[in-house]
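Here the structure is laid out as structure tokens; the discussion comes afterwards.
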Amino acid sequence: MTVKTESSIASEQERNYRAVLIRNETKQQLRDFRSSLPDQDINQERRLATAAIELMLEEANGSTEVRALWRKRVNEVLLRELSEHDVSAVESSARS
């Protein structure tokens with residue numbers, strides 16, 4: 001068994017990048033999108049995700065309409081999380 005130390009974990013990370021949590025289905029959509037692109041070496045997931053977030057931030061900072069759409073999507077994501085939490089709570093109770 002290999003134990004990862006803080007220094008070995010840091011060496012595995014890409015320079016100037018930090019982890020961001022995204023939902024599983026979003027990760028799969030990102031992978032599907034990447035696989036449709038011609039040059040996958042340039043279009044690595046970290047670059048695609050960074051570009052998408054930067055575009056969203058720029059658009060939301062310049063447009064109240066985009067900001068409203070973003071808030072709406074955040075609420076939709078929250079509802080999915082709550083729905084999944086409720087389902088797993090019911091499943092957990094059923095196993096007890």
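Here, residue 1 is the first one in the sequence, and each next residue gets the next number. Predicted, not measured: the structure shown is a model, and the values here were computed from it.
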Which residues pass the side-chain contact (heavy atoms from CB on, under 4.5 Å) test with Arg73, sequence neighbours left out?
-> Glu76, Val77, Arg80

Check: Ser83 side chain, Leu79 main-chain N or O, donor-acceptor pair, under 3.5 Å = no

Straight-line distance of Arg47 CZ to Arg34 CZ, nearest 0.5 Å | 9.0 Å

What distance do Met56 atom CE and Arg67 atom CZ have between them, rounded to the nearest 0.5 Å?
-> 9.0 Å

Any chance you could lay out the side-chain contact (heavy atoms from CB on, under 4.5 Å) test for Val74 and Arg71, step after step, and finish with the verdict?
-> CA-CA 5 Å; Val74 168; Arg71 283 191 196 123; 5.6 Å; no

For Phe33, look at atom CZ and say whether over 12 heavy atoms of other residues, nucleotides or ligands are found less than 6.0 Å away.
-> no

Partners of Leu30 by side-chain contact (heavy atoms from CB on, under 4.5 Å), sequence neighbours excluded?
-> Glu45, Leu48, Ala49

Check whether more than 12 heavy atoms from other residues, nucleotides or ligands sit under 6.0 Å from atom CG of Asn75, and answer yes or no.
-> yes

In terms of side-chain heavy atoms, does Gln28 have a donor or acceptor partner in Asp32 at a distance below 3.5 Å?
-> yes

Same cluster for Leu69 and Leu57 if Ile/Leu/Val/Met/Phe/Trp/Tyr side chains link at under 4.5 Å?
-> no

Looking at CD of Gln40 and CZ of Arg31, how far apart are the two atoms once the value is rounded to the nearest 0.5 Å?
-> 12.0 Å

Here the gap from Gln44 atom CD to Asp39 atom CG, rounded to the nearest 0.5 Å, amounts to 9.5 Å

